[in-house]
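Worksheet for the structure shown next.
Any value given below was found using the heavy atoms of this structure, including those in side chains, with hydrogens, waters and symmetry copies removed.
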Amino acid sequence: MDSQVSVKNCQVTGNVQRGSNSLAGEEGSFTSQSSAVRTNDHAALKKLKQLIGLTRVKEQVNTFIQMALMNKRRQEHGMKTVSSSFHSLFEGNPGTGKTTVARLVGKIMFEEGILPTDKYVEVDRTQLVAGYVGQTAKQTRKVLEEATGGMLFIDEAYDLVHGNDDTFGREALDTIMKYMEDHREELMIIFAGYTEDMKKLLQQNPGMSSRVPNVFTFDDYSVDEIIAIGRLQLQQQQMHFDSPRTEKLYEQLVSEQYQSSNDHSNGRWIRNRNDQLLRQIAVATGQNEEHPLDEIWSDDIQKAFGGSVHDDHNAKQGNESLSQGEIPKDLWHDFSLDSDSTLPLLNGDELK
């Protein structure tokens, strides 16, 4: 059994073996994860490579890790390290996997011996900015000290400073800037948020761009990637299509609606569509005892998504079946429900 971290009022008690505990709604509370065991199986790196899409981010992470490893080896050989910083910006629309990648990068940094722990602390403005004069710097430093040795992930970082008159937010940002420079080799801070809003954040502190040199760009998912994520989510819910034609209908409607949607929430978008589908299946199984609990019929999809029904639940596989060419094989062939590498990308709060 995994032991648990208890996080309350910015304090952590106990150790955890790859576990986590998140307390929401308490002043000063935040999400923290840590592990006491370093392995050499490169598990986090393997999980990162298995994530659907994110081609550019994977390349950027690889370069980032190789740079950190080179510095580590140079230091071990008594050589000067190349000037570098771990601190980074994660920019992109919601639902593109920023939180998921951050957690994996933190574990990779630990597994490769670059950071001393795989501690992961996730906060937003509410855990950094206090409501009273003189309390913000103290509260922010408390969070920074807790994260030291691992990673601090600041979600919606653009929200830290609300304009030029926000003295509390500016105090938090200034405290972070000072601390991150003094602890640049023992702490990785990630500022995450939407691309345009993050540019505004950089303007709030003149020295921020130089202190946060690593920029990771999270592109929107393509249609094929969204379909692959949707199919995988359903598989992880132990659901399957009753025929290849029903699966084809799902892919067609997802493709049409994703391309016509103005909602750029990516992974959240397909998760919400699948939630609609599962609710419809719940209604259908309640009304029809012959509807299996783990099966998706074409009329379920039609009622959940709208559109034309090209098949019914009695259709057999016949001559029309999916080819791997319709969804590139490399998007889905590595995934198995029997594998230990269940993608964290698909867990609700991580689709950010």
Side-chain angles (χ1 to χ4, degrees), residues 1-24 26 28-48 61 64-65 68-69 71-72 84-90 97-128 138-157 172 175-192 211-212 214 216 344 347 349-350 352:
M1 285 290 292
D2 290 345
S3 54
Q4 295 293 311
V5 164
S6 175
V7 184
K8 186 174 183 179
N9 297 326
C10 289
Q11 296 294 324
V12 175
T13 59
N15 293 318
V16 62
Q17 299 290 328
R18 303 194 182 281
S20 67
N21 183 40
S22 174
L23 298 182
E26 296 186 56
S29 64
F30 55 89
T31 300
S32 177
Q33 292 180 317
S34 65
S35 173
V37 178
R38 175 179 282 125
T39 63
N40 59 0
D41 60 357
H42 309 290
L45 184 59
K46 292 175 183 176
K47 285 187 176 182
L48 178 66
V61 169
F64 174 80
I65 295 297
L69 285 173
N71 271 334
K72 179 175 176 285
S84 65
S85 170
F86 298 150
H87 309 310
S88 306
L89 294 181
F90 276 23
K98 294 185 289 293
T99 305
T100 297
V101 171
R103 291 174 178 171
L104 289 174
V105 169
K107 288 186 177 294
I108 293 169
M109 296 282 279
F110 170 69
E111 290 176 353
E112 300 297 337
I114 301 166
L115 288 174
T117 76
D118 72 344
K119 187 187 302 180
Y120 175 90
V121 176
E122 181 178 336
V123 298
D124 57 22
R125 174 186 166 96
T126 60
Q127 285 88 45
L128 297 171
K138 181 179 178 182
Q139 184 165 306
T140 300
R141 187 175 180 86
K142 201 171 188 179
V143 172
L144 289 163
E145 290 173 348
E146 168 54 34
T148 300
M151 175 182 289
L152 174 63
F153 182 87
I154 304 177
D155 194 21
E156 298 180 347
T175 302
I176 293 169
M177 291 297 104
K178 175 66 168 61
Y179 193 94
M180 67 194 292
E181 184 66 20
D182 294 341
H183 300 81
R184 56 185 299 165
E185 295 184 358
E186 53 183 334
L187 173 65
M188 179 175 180
I189 299 180
I190 294 178
F191 299 85
R211 290 189 175 101
V212 190
N214 308 297
F216 297 82
N347 295 333
D349 67 325
E350 293 174 341
K352 297 179 179 179

Next item on the list: Start with the C-alpha gap between Thr99 and Glu122, add the side-chain angles, then the distance that decides, and say whether side chain to side chain contact (heavy atoms under 4.5 Å, CB included) holds.
Entry: CA-CA 9 Å; Thr99 305; Glu122 181 178 336; 3.7 Å; yes

Note to self: Between Glu146 and Lys142, does any NZ, NE, NH1 or NH2 come within less than 4.0 Å of an OD or OE carboxylate oxygen?
What the structure shows: no

Notebook entry, point to check: Hey, are Glu181 and Lys178 close enough for a salt bridge, meaning a charged N less than 4.0 Å from a carboxylate O?
Noted result: no

Checking [X] now: which residues fulfil ring pair (Phe, Tyr, Trp, His ring centres under 6.0 Å) with it, not counting sequence neighbours?
X      : value
Phe90  : Phe216, Phe218
His87  : none
Phe191 : none

For [X] against [Y], the heavy-atom pair lying closest together:
X      : Y      : value
Ile190 : Ala102 : CD1-CB, 3.8 Å
Ser85  : Phe64  : O-CE1, 4.0 Å
Leu152 : Val143 : CD1-CG1, 3.8 Å

Note to self: Keeping Gln127 on the side-chain end and Asp124 on the backbone end, is there a donor-acceptor pair under 3.5 Å?
What the structure shows: yes

All side-chain hydrogen bond (donor to acceptor under 3.5 Å, both in side chains) counterparts of [X], not counting sequence neighbours:
X      : result
Glu185 : none
Asn71  : Ser84
Arg211 : none
Thr175 : none

Note to self: Show, in sequence, the C-alpha distance, side-chain angles and deciding distance for His42 and Glu112, and conclude whether the side chain to side chain contact (heavy atoms under 4.5 Å, CB included) test is met.
What the structure shows: CA-CA 8 Å; His42 309 290; Glu112 300 297 337; 2.8 Å; yes

When rounded to the nearest 0.5 angstrom, what distance separates [atom1] in [X] from [atom2] in [Y]?
X      : Y      : atom1 : atom2 : result
Leu187 : Thr148 : CG    : OG1   : 5.0 Å
Leu48  : Thr100 : CG    : OG1   : 10.0 Å
Asn214 : Leu89  : CG    : CG    : 8.5 Å
Leu144 : Ile154 : CG    : CD1   : 7.0 Å
Thr126 : Glu156 : OG1   : CD    : 9.5 Å

Next item on the list: Under the side chain to side chain contact (heavy atoms under 4.5 Å, CB included) rule, what do Met109 and Phe86 come out as? Steps first, then yes or no, please.
Entry: CA-CA 10 Å; Met109 296 282 279; Phe86 298 150; 3.8 Å; yes

Margin query: Under the rule for side chain to side chain contact (heavy atoms under 4.5 Å, CB included), what residues qualify as partners of Ala44, not counting sequence neighbours?
Written below: Leu104, Lys107, Ile108, Glu111

Item checked: Distance-only donor-acceptor check, side chains Tyr179 and Thr140, under 3.5 Å -> no

Notebook entry, point to check: Can you name the salt bridge (charged side-chain N to carboxylate O under 4.0 Å, His left out) partners of Lys46, sequence neighbours left out?
Noted result: none

Item checked: Sub-4.5 Å side-chain heavy-atom contact between Met180 and Val212 -> yes

Notebook entry, point to check: Is there a side-chain contact between Leu128 and Gln139, using heavy atoms and a 4.5 Å cut-off?
Noted result: no

Margin query: Asp118 vs Met151, test: side chain to side chain contact (heavy atoms under 4.5 Å, CB included). Steps then yes/no.
Written below: CA-CA 7 Å; Asp118 72 344; Met151 175 182 289; over 6 Å; no

